[in-house]
4 protein chains.
Amino acid sequence: MEKMDRRVRRTRAMLGQALRELILEKPYDAITIQDIADQADLNRATFYLHYASKEELLMDSLEAQFDALVTQIEGEKNGRPMWESPVTGRIIFEYVAENAALFKVLLGAQGQGYVMYRVLNYIAQVDEEEIQEAFGPNALPVPDVILARHFAGSLFALVSWWLEHDMPYSSTYMAETVHQLCAVGVMPMLVGMGAAWPVNGGEWPTA
Amino acid sequence: MEKMDRRVRRTRAMLGQALRELILEKPYDAITIQDIADQADLNRATFYLHYASKEELLMDSLEAQFDALVTQIEGEKNGRPMWESPVTGRIIFEYVAENAALFKVLLGAQGQGYVMYRVLNYIAQVDEEEIQEAFGPNALPVPDVILARHFAGSLFALVSWWLEHDMPYSSTYMAETVHQLCAVGVMPMLVGMGAAWPVNGGEWPTA
Amino acid sequence: MEKMDRRVRRTRAMLGQALRELILEKPYDAITIQDIADQADLNRATFYLHYASKEELLMDSLEAQFDALVTQIEGEKNGRPMWESPVTGRIIFEYVAENAALFKVLLGAQGQGYVMYRVLNYIAQVDEEEIQEAFGPNALPVPDVILARHFAGSLFALVSWWLEHDMPYSSTYMAETVHQLCAVGVMPMLVGMGAAWPVNGGEWPTA
Amino acid sequence: MEKMDRRVRRTRAMLGQALRELILEKPYDAITIQDIADQADLNRATFYLHYASKEELLMDSLEAQFDALVTQIEGEKNGRPMWESPVTGRIIFEYVAENAALFKVLLGAQGQGYVMYRVLNYIAQVDEEEIQEAFGPNALPVPDVILARHFAGSLFALVSWWLEHDMPYSSTYMAETVHQLCAVGVMPMLVGMGAAWPVNGGEWPTA
DNA sequence: TCCTAAGCGAGACGGTACGTCTTGTCTTCCA
DNA sequence: TGGAAGACAAGACGTACCGTCTCGCTTAGGA
């Protein structure tokens, strides 16, 4: 945790704040560094003292929030893996709902590829770690990575659809549904089979 | 189908070809209209006679390929819905493999948001139509849109992961796996329940 | 003499004109490329299509005028060397007077070093050629370069003084005076001595 | 003569020293305040505590040297006016030679206009005073200012030429030559004529 | 077969954003 | 109290790309 000048922290916060405000106002690609500086009441050159690009600022600004979210989830789920209860999903959908306007832009029709990519990856990573903690590495008939990616893909797709359609269902309902589709029916099947997989007689191909 | 000058068709083909080649050479965002024109041995102004932007060209160029893919799938699956056999998935993974370098860029770490968005949407759309043809509209305990989106999300996530890791498994294996995770275990559960859904006593919430 | 697009010539002319106007309005160093572009009703980027710097534009713009001046002098002096008549000087002083405001800035207190340098060099060069045409190379007791430089220095100093003090004497008087100081009394002395020079017994030192 | 803190004097000396060193290393215009501060191992802000600009520092730094030079000349020439002996010129050329690298930059191709201007003016001023001390004000057939300016221009032009060509002749030779060209032949002519001047019958025009 | 409209090359230009560079001011803290 | 350290405003710089335009050449397809 690097020590920073109070002014520096304040300046960066203002830049992040400014970017978030602008994202809600106009297409992301149409936002210039000058716009951000103006919105933050700072000089354009000052932006470059802190960030090399819009992207860097956005990521820096999003990271803190994600960290907080993960911490919250860790606290609430009490050690139970996510496939046993929809609570993790619920917290995520609620968090998304709170920042709906922002994420709708970032993940939607004019979303940014690298944001989508990193969000998807991030979810998959967390899922994979949870799977391995529960069963040990590759103890299931599907490679952990693939299973995690399957979970993440489903969650990502449902979240983005939900946002794009202005959250037509409750967070709770969405969480229950994704839980049903990903966990109920699938996990028992996998766990029951052990590390066997019917398609090729229990061996994982490597190419 | 508009009639076009032979020259015009040829010019557009050269532009599409040029863009595809450049995508394999350098980051998509770093490709300029001038680059495309140079690569296609055309004048920059000529580009604007045909397209308003890189994106338009890219979409125009991708559409033909997607159309051909859909046609092929329709032909091979013989009317059987995709959740009864992994053949649809296999064709898709094979198609992706053939254009691996291109899609790796478009869907990967430095991918383009609008491409990802449209691909995901496209898959979900096709899936939804197929579900409705098989069961009628919203005859299952999960809204068709959501189920379709779940399928699409999983497929998308696995495809992009597969590309990003240079296709460590065979197309067949990937298809079997996504089939197992999305269909086997899930579809019987849904079909068996009729249009009922345990979480809220069989009624769909609307907000 | 390179052939140029009519538009290009027009654009350059407008830039030159703009710079001249601005020089009369504000300190040369305070003139920005943007100022010039604005004054010429052109885009700043357009400036860079033609010149790399203010300096380049200024020189390009001055050269034409100097060429015209030299041509005029050649015509009027009828082959007689400048030390036999003050006509050359008169034409120069008259020309300077016509562009007094401009040259006052360029050669005066806030003048530009490289302009002064080139003007001084230019005069010396012309003088040297004239000396050599009249007497042959180094036929006088002073090296041609030095004599030419002496003439040029005197002329330059008197012109800049004259401008700085808002031309207190007539062009004719100034020309007569510089002729008297440089030619009358000095040239006969040099020519009479042949290639001998008292200070070191007639030999030129080389270091 | 203002009293100054020892530290302040030291700081200024270091700044002057730094600028002199840098002038020998890179084009004058390319030297930034930051460069000077770095070279002097001082903070940039400190520069502004003492000078408002590079120019001010340069002038402050040069002035001391010029003062010393004038003092030396006064001492050596023993009251004899410069047109009676080349000693003044010799001292100047020797002084220039000692600081050749510096003056070559300041007075040469990429020299600074305001330096040239002030040097030229300074010489002319000294010359004019000397003329007036010897003959009384405007006792010669040429205005004192003009005669002084003629001397100064010649000296300046020869010095700058000499530097630019890496001092191909000795200081002594240069001094003798400039003396010959400016004084011998010219001064007797002027003094002999009294305050009369052939071009306009002895009256000085005023415009 | 001509001729005429279209496609295209060439390149000037306006416009906009970029990232960098200096400059000058300020504040905070240290010796 | 002079100076170090460094954040910041201000604004010019030179570059890059975009989209539009004009001016010609050429070339194919209808007269």
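Just so we're clear, the structure is a prediction, and the values are computed from it rather than from any experiment. Lettering of chains follows the sequences in order, A, B, ..., and the numbering in each one begins at 1.
With hydrogens and angles disregarded, no donor-acceptor distance shorter than 3.5 Å links the side chain of A:Thr46 to the backbone of A:Leu42.
Under the 4.0 Å criterion applied to side-chain N and carboxylate O atoms, C:Asp38 and C:Arg44 are not assigned as salt-bridge partners.
Between the OH atom of C:Tyr51 and the P atom of F:dT15 there is a distance of 17 Å, rounded to whole Å. If you measure from atom CG of A:Leu49 to atom P of F:dA5, you get 18 Å, rounded to the nearest angstrom. Rounded to an integer number of Å, the gap from CD of B:Gln34 to P of E:dA12 is 13 Å. Look at CZ on A:Arg7: it is 7 Å from P on E:dT28, rounded to the nearest Å. In this structure, CD1 of A:Ile31 is placed 18 Å from P of E:dT16, rounded to the nearest angstrom. Between the C1' atom of E:dT22 and the CG atom of D:Asp38 lies a distance of 13 Å, rounded to the nearest Å. Protein atom CD1 of A:Ile36 is 15 Å distant from nucleotide atom P of F:dA9, rounded to whole Å. Atom pair D:Lys26:NZ and E:dC21:P shows a separation of 12 Å (rounding to whole Å applied).
Using a 4.0 Å heavy-atom distance criterion, D:Asp41 is classed as a sugar-phosphate-only contact. Within 4.0 Å (heavy atoms only), C:Asp29 reaches no atom of the nucleic acid at all.
The two residues D:Gln65 and D:Asn99 make their nearest non-hydrogen contact at NE2-OD1, 3.6 Å.
Within the 4.0 Å cut-off from OP1 or OP2 of F:dA4, at least one side-chain nitrogen or oxygen of D:Thr46 is found. Listed pair B:Thr32 / F:dC17 fails the phosphate criterion, with no side-chain N or O lying under 4.0 Å from OP1 or OP2. A sub-4.0 Å separation between OP1 or OP2 of F:dG2 and a side-chain N or O of D:Thr11 is absent. OP1 or OP2 of F:dG2 has not a single side-chain nitrogen or oxygen of D:His50 nearer than 4.0 Å.
With hydrogens and angles ignored, no donor-acceptor pair under 3.5 angstrom links the side chain of D:Arg44 to the base of F:dG6.
Judged by closest nucleotide on DNA chain E, B:Leu42 is the one of C:Val8 and B:Leu42 placed further toward the 5' end. Positionally, the nearest nucleotide of DNA chain F for D:Ala45 lies more toward the 5' end than for the other of C:Ile33 and D:Ala45. Residue whose closest nucleotide on DNA chain E sits further toward the 5' end, between A:Tyr48 and B:Asn43: B:Asn43.
For the 3.5 Å distance criterion, the side chains of D:Tyr117 and C:Gln110 fail to qualify, holding no donor opposite an acceptor.
Residues D:Glu55 and D:Val115 have side chains not in contact (no heavy-atom distance under 4.5 Å, counting atoms from C-beta outward).
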